[in-house]
Amino acid sequence: MATVAFIGLGNMGGGMAANLAKAGHEVRAFDLSADALERARDAGCTPCADAASAVAGADAIVTMLPAGRHVEQTYRDSVFGVASPGALLIDCSTIDVDTAKRVAIAAEAQGLVAVDAPVSGGIAAAAASTLTFMVGGNDEGFRRAGAFLSSMGKAVIHAGASGAGQAAKVCNNMILGATMAVTCEAFALAEKLGLDAQAFYDIASVSSGQSWSITSYCPVRGVGPVTPADREYQGGFAAALMLKDLRLAKEAAASAHADIPVGARAAEIYEAFVASNDGALDFSAIIRPLLERNG
Ligand code: NAD
């Protein structure tokens, strides 16, 4: 078993670090929040006073931080010059593709091996070790990371070179954001046209309009499987996080000179929702203003 530094013990990282400890690794945990550190101690991790003391001597360093600037700063201040030669850096945060590529190059220059390994699946999947990891990095990085990621998830997929994990993540979530937006519009239009929501669900979920957003995550209460819609849109995947991911998709598209008119429009829809609603509500709550506007 290995010594793993885990930095960022929030909603996602807390459960993931606990699962690494459960798998038998020595997990040295650090977060700026004292409460998060206490929870990590209860879950079998060793709380550290700062990131550098978690990193020193660790075989692998996992980060699960809010955004690219946090990852870049943590690597610069607490990993480079501190981590053991050849240590493996696994960044599971959702960050922009350009930063992911940049930190991997910087890590390599330090004699370290880095992969980007963002996740699909929310807080419940992090706790239950059923996340999907999309990994960007070389073959050695992917092979070595797999030994740790498989303790935290159900699927570990090599997306390609450094940055490819983040690229897969933004493309996947752009599909999710846009299909949810149009699914909400379709249910609102169906209502306007006098269609029963359950009847429309029964038809669309076995027809060509089918998607994960309708079949597994229906935005209408009482229709389809139990989803955040049945809990007044509490829990689930926050609209603010969907907005973050769509902004990352827009940044990636701008950097690659790719045209994403539907993805960009979806970003505007979530932006408007988050500006005038609670961004912590599940992203499928964007159906609410549509239904209200339709009367
Ligand atoms: P969170 O805000 O709950 O946790 C982030 C943690 O990082 C916090 O505990 C914070 O104190 C800590 N932190 C911030 N800066 C730090 C630093 N410099 N050093 C140490 N700790 C620091 O966020 P989360 O929901 O756990 O998400 C983490 C990442 O996972 C994000 O990039 C997010 O986009 C991604 N993600 C989240 C979900 C989800 O459903 N929540 C799903 C997929 C991916």
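It should be emphasised that the depicted structure is a prediction, and the values quoted were computed from it without experimental measurement. Whatever order the structure lists ligands and atoms in, that order sets their numbers, starting from 1. Start at 1 with the first residue, then count along the sequence.
Ring to ring, Phe133 and Phe148 are not that close: their centroids are 6.0 angstrom or more apart.
For a threshold of 3.5 Å applied to N or O pairs, the pair formed by Lys169 and ligand 1 contains no separation below that value. Checked by distance only, ligand 1 and Phe237 stay at 3.5 Å or farther apart across all their nitrogen or oxygen atoms. Annotation: Thr94 places an N or O atom under 3.5 Å from an N or O atom of ligand 1; distance criterion only.
Near Phe30, meaning under 4.0 Å from one of its heavy atoms, ligand 1 places the atoms 19 (N), 20 (C). For ligand 1 and Gly121, the ligand atoms under 4.0 Å from any heavy atom of the residue are 42 (C), 43 (C). For ligand 1, the atoms sitting less than 4.0 Å from at least one non-hydrogen atom of Met64 are 29 (C), 30 (O), numbered in the order shown with element in parentheses. Those atoms of ligand 1 with a heavy atom of Gly122 less than 4.0 angstrom away are 40 (O).
Heavy-atom contacts from other residues, nucleotides or ligands closer than 6.0 Å to CZ of Arg102 number more than 12.
Ranking the protein heavy atoms by distance from atom 15 (N) of ligand 1 puts Leu32 CD1, 3.6 Å first. When hydrogens are left out, the protein atom nearest atom 23 (O) of ligand 1 is Asn11 N, 4.5 Å; that is the closest non-hydrogen contact. Looking only at heavy atoms of the protein, atom 6 (C) of ligand 1 is closest to Asp31 OD2, 3.6 Å. Nearest protein heavy-atom neighbour of atom 27 (O) of ligand 1: Met12 CG, 3.9 Å. The nearest heavy-atom contact from the protein to atom 4 (O) of ligand 1 is Gly10 CA, 3.2 Å.
For the pair Ala67 and ligand 1, no heavy-atom separation below 4.0 Å is found. Heavy-atom separations between Pro66 and ligand 1 include at least one value shorter than 4.0 Å.
Contacts of Lys244 with ligand 1, taken as heavy-atom pairs under 4.0 Å, involve the side chain alone.
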Worked verdict on Glu72 versus Arg69 for salt bridge (charged side-chain N to carboxylate O under 4.0 Å, His left out): CA-CA 5 Å; Glu72 203 155 29; Arg69 65 181 185 282; over 6 Å; no

Full working for side-chain hydrogen bond (donor to acceptor under 3.5 Å, both in side chains) between Asp282 and Ser284: CA-CA 5 Å; Asp282 183 72; Ser284 64; 2.6 Å; yes

I'd like to know whether Glu185 forms a salt bridge (charged side-chain N to carboxylate O under 4.0 Å, His left out) with Lys192, so could you lay out the CA-CA distance, the side-chain angles of the two residues, the decisive distance to 0.1 Å, and finally the verdict. CA-CA 10 Å; Glu185 284 179 13; Lys192 268 293 211 203; over 6 Å; no

Between Asn19 and Ser151, is the side-chain hydrogen bond (donor to acceptor under 3.5 Å, both in side chains) condition met? List the steps. CA-CA 6 Å; Asn19 285 324; Ser151 302; over 6 Å; no

With side-chain hydrogen bond (donor to acceptor under 3.5 Å, both in side chains) as the test, would you mind laying out the steps for Ser120 and Lys169 before giving the verdict? CA-CA 8 Å; Ser120 178; Lys169 170 76 184 176; 5.4 Å; no

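For the pair Arg265 and Glu268, the salt-bridge criterion is met [side-chain N within less than 4.0 Å of a carboxylate O].
Distances from atom 43 (C) of ligand 1 to the heavy atoms of Val71, Leu248, Val119 show the closest one on Val119. Among Asp91, Leu65, Leu241, Ile7, the residue whose heavy atom sits closest to atom 29 (C) of ligand 1 is Leu65.
Phe283 and Tyr217 have tilted rings, their planes meeting at an angle from 30° to 60° on a 0 to 90° scale.
Side-chain atoms of Thr183 and Pro219, non-hydrogen and from C-beta on, do get closer than 4.5 Å to each other.
Within a 4.0 Å radius of atom 11 (O) of ligand 1, the protein contributes at least one heavy atom.
Side-chain N/O atoms of Ser213 and Thr179 include a donor and acceptor closer than 3.5 Å.
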